[in-house]
There are 2 protein chains.
Amino acid sequence: MSNDSKRTTIRDIAEVLNLSVSTVSRALQGNSRISKETIDAVKRTAEKMDYYIHGPAAALRKGHGNNIGVVVPRVDRQFFSNIIGGIEEVLRTNGFNTFIYQTQESYENEKSGVQAMLNAGVEGLMISVSVETKDISHINRFSRSGRPVVFFDRCMDDSETCRVMIDDFAAAYKATEHLLANGCRKLVYFGGTQNLFMYRNRREGFEQALLDHGFAPGDIHVIDGMLTRKKGYDSFRELYEAKQIPDGLLAASDFSALGSILFMKEVGISVPDDVCVVGFANESFTEFMEPPLSSIEQFAGEMGKKTAEMMLRRFTGVQSAETIILNSELKIRKSSQRTIK
Amino acid sequence: MSNDSKRTTIRDIAEVLNLSVSTVSRALQGNSRISKETIDAVKRTAEKMDYYIHGPAAALRKGHGNNIGVVVPRVDRQFFSNIIGGIEEVLRTNGFNTFIYQTQESYENEKSGVQAMLNAGVEGLMISVSVETKDISHINRFSRSGRPVVFFDRCMDDSETCRVMIDDFAAAYKATEHLLANGCRKLVYFGGTQNLFMYRNRREGFEQALLDHGFAPGDIHVIDGMLTRKKGYDSFRELYEAKQIPDGLLAASDFSALGSILFMKEVGISVPDDVCVVGFANESFTEFMEPPLSSIEQFAGEMGKKTAEMMLRRFTGVQSAETIILNSELKIRKSSQRTIK
DNA sequence: TATTTTTGTGGAAACGTTTGCACAAACTTT
DNA sequence: AAAGTTTGTGCAAACGTTTCCACAAAAATA
């Protein structure tokens, strides 16, 4: 494979300058025991000789490197890419590189990815699990290596873990109240898979809001497993064909909300006049679709920062598991606003 | 930092089984000189002792690892994330990990990223440069290490490099002809920065199509530097305020097309009746915005695969620089279709 | 039976760094 | 001027692998 014959090592620099490798190594690190002149000379020749550090060797000797792994379901969701942006920002300023791996929502890929990170010797892992993930032994394996793991958004319901999450319950509760305030009386909730903590929280927020407003448990209509546009489309069609059309829809994902709206357009159901819709995640397309979709803004960039900061805290010795819950905000747009009949 | 005291090494396995480290190493690799029984025993105990390879050490000794770096402007563009998907797919099946780094369109970040990849010891680099990038000495530095570099999409105009690109010229040409066929006579092109090869190609495709259809060079209206939604919005407003409203718009980016359309909606210009619009990249939002936006589908997944395959070819000794041009397809939607007056 | 070949294993060096320890030379302090 | 301290540098071991070389035992050939 790659022919490394060209690589300049500190030994080469040492020979050129008639120094020992230890001095060169120290000089490159700016060690205070080394004289200014030597440091300058070393750095100049290093530059001249096109030297760059051999990370793996340094990592081997030091016992740790400066790469941190991030595993996400998919990077093409604005939500995740914004989180990644936040993570990268704080990690970069702390001297770490961020390595990203996407699982494409596959449990198998997730296992490979986590293992690859372990093998690659990253210092820590931040992960948002796939929808398929029920078992986290692959992640526990990573933990057993003594390196920190921080979950974000898609967390497991395990109090032993470090987590950064949204106030999913509160967000869903608030969105539900908003639908009620706009005159909806027959609400449906399109949820995610129940093995993920956050989706359970959202569902509970929806249910609790209805209960608190005098609805009977039997009036609460929930359909789970709805994360994609296609699922949203199909599920709403089923409601339509069963003549069970609601007048308010809360979707745990902007994409399933989108799918539903596309179906409604086809059959002439008006949003928001016939059905009010609220999504989750505030993907940027929500703003310019027709009608613009109300959604829960989750401040993904902020979440990324908090996640990275929690990771850095692990490095400095904090041991106890912590959970951070971040606020969200309901962005009200046309899809859920109407004059009450 | 991470306390590695818990790590199991091949030496530990060797002690437990009363074998030498060399035998254990070979057994783990399935070397044919080692007996079936030994291999089984080693693998079983490795599993039991929770052993996983120390990648950096192996990389150090072997002179190469199995990680490959991908540097992209941003992962939240569908286009790029689909490319990444394609890359990961072929790399994974060939035993490589993919490390992704996003530059956020910043030249400084790009430099850090490429350097980080070099330090991390990746075996090769696939890169799509930032809009700010004019100089590629940082990438040449990587090349000088003897490792292959493959550019994709955002390539430099340098015949020494390996590249995978879209037929940008043909795509823009085709889209322009489509606008003409729909009765547009006063066309404007919103282009990208001219330091990038691909944007020059697109622009030339637009210009050539007009020339070939009898337009004078003076009739060709081009505005460059338009990659974002905001820029598209602002630029169209300028045209509007200068009373220079075109009847056809080709945008080098779906986002600038979107911005323009949002502005037109505000001032009551109808798409496609007053202005036909075609974008580039076929981001998924194009399909469900109002009206649906015609765009150039670039088959990003395919592009990713080709890019990764080219990289693998480098490893097996192919030396000469090659350029692959991929086909694109014009997706015609409502934004550019009208009955000719 | 004597020789050669195959099979399975071990010893030890090497990959490029970092760092604890040692030590000479140059300064301070008495 | 003797003792102590600081400053700048070098030696050598270590990190966890892989792989060249060697070599004994067993099997195949003569």
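Because only heavy atoms are used, hydrogens play no part in the values below, and waters and symmetry mates are left out as well, while side chains stay in. Here is how names work: the chains are called A, B, and so on, in the same order as the sequence lines, proteins then strands, and each is numbered from 1.
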Rounded distance (Å) that lies between atom C1' of D/dT18 and atom CG of B/Asn31: 11 Å
From CD (A/Glu123) to CG (A/Leu91), nearest 0.5 Å: 11.0 Å
Difference in axis direction between the ends of the helix from C/dT1-D/dA30 to C/dT30-D/dA1, five pairs, 10°: 40°
Sugar-phosphate, base or nothing in reach of B/Asn18, heavy atoms under 4.0 Å: sugar-phosphate
Those residues that, when tested against A/Ser112, pass side-chain contact (heavy atoms from CB on, under 4.5 Å) (two or more places apart): A/Tyr101
All side-chain hydrogen bond (donor to acceptor under 3.5 Å, both in side chains) counterparts of A/Arg74, not counting sequence neighbours: A/Asp76
All side-chain contact (heavy atoms from CB on, under 4.5 Å) counterparts of B/Asn67, not counting sequence neighbours: A/Ala120, B/Asn97, B/Phe99, B/Val122
Approximate separation, where rounding is to 0.5 Å, of A/Met198 CE and A/Arg154 CZ: 6.0 Å
Separation of A/Lys111 NZ from A/Thr103 OG1 (nearest 0.5 Å): 13.0 Å
Sugar-phosphate only, base, or nothing, as touched by A/Ser25 at under 4.0 Å among non-hydrogen atoms: base
Check against side chain to side chain contact (heavy atoms under 4.5 Å, CB included), B/Phe315 and B/Ile68: CA-CA 12 Å; B/Phe315 290 152; B/Ile68 293 183; 3.6 Å; yes
CE on B/Met311 to CZ on B/Arg314, rounded to 0.5 Å: 8.0 Å
Nearest-0.5 Å distance, NZ of residue B/Lys306 to CD1 of residue B/Ile83: 13.5 Å
Side chains of A/Thr93 and A/Glu89, donor plus acceptor under 3.5 Å: no
Test salt bridge (charged side-chain N to carboxylate O under 4.0 Å, His left out) applied to A/Arg77 - qualifying residues, sequence neighbours left out: none
Listed partners of A/Arg163 passing side-chain contact (heavy atoms from CB on, under 4.5 Å), at least two apart: A/Phe151, A/Cys155, A/Asp157, A/Thr161, A/Met165, A/Phe197, A/Thr323
What are the atom names and distances for every N/O pair under 3.5 Å that joins the protein to nucleotides 4-6 of chain C?
none

Interatomic distance where CD1 belongs to A/Ile53 and P belongs to C/dG16 [whole Å]: 13 Å
Give every pair of a protein N or O atom and an N or O atom of nucleotides 12-14 of chain C that lie under 3.5 Å apart, one pair per line with the distance.
| from | atom 1 | to | atom 2 | distance (Å) |
| --- | --- | --- | --- | --- |
| C/dA14 | N3 | B/Arg61 | NH1 | 3.2 |

Under 4.0 angstrom between A/Tyr51 side-chain N/O and C/dT17 OP1 or OP2: yes
Contact list for residues 38-48 of chain B, test side-chain hydrogen bond (donor to acceptor under 3.5 Å, both in side chains), sequence neighbours left out: B/Ser35-B/Thr38
Could you go over nucleotides 24-28 of chain D and give all protein N or O partners under 3.5 Å, atom names and distances?
none

A/Val90 vs A/Leu312, side chain to side chain contact (heavy atoms under 4.5 Å, CB included): CA-CA, chis, key distance, verdict: CA-CA 9 Å; A/Val90 350; A/Leu312 294 175; 3.9 Å; yes
Verdict with supporting geometry, B/Arg26 and B/Val42, side chain to side chain contact (heavy atoms under 4.5 Å, CB included): CA-CA 10 Å; B/Arg26 278 189 269 251; B/Val42 168; over 6 Å; no
A/Ile53: side-chain contact (heavy atoms from CB on, under 4.5 Å) partners, not counting sequence neighbours: A/Tyr51, A/Ala58, B/Asn119
Phosphate contact (D/dG10 OP1 or OP2) by A/Ser20 side-chain N/O below 4.0 Å: yes
Value in whole Å for how far the C1' atom of D/dT19 lies from CG of B/Leu28: 15 Å
Strand contacts (DNA chain D) in residues 34-43 of chain A, 4.0 angstrom heavy-atom criterion: A/Ile34, A/Ser35, A/Thr38
5′-ward residue of the pair B/Leu60/A/Lys62 relative to DNA chain C: B/Leu60
Phosphate-side-chain proximity, B/Gln29 and D/dT19, N/O vs OP1/OP2 below 4.0 Å: yes
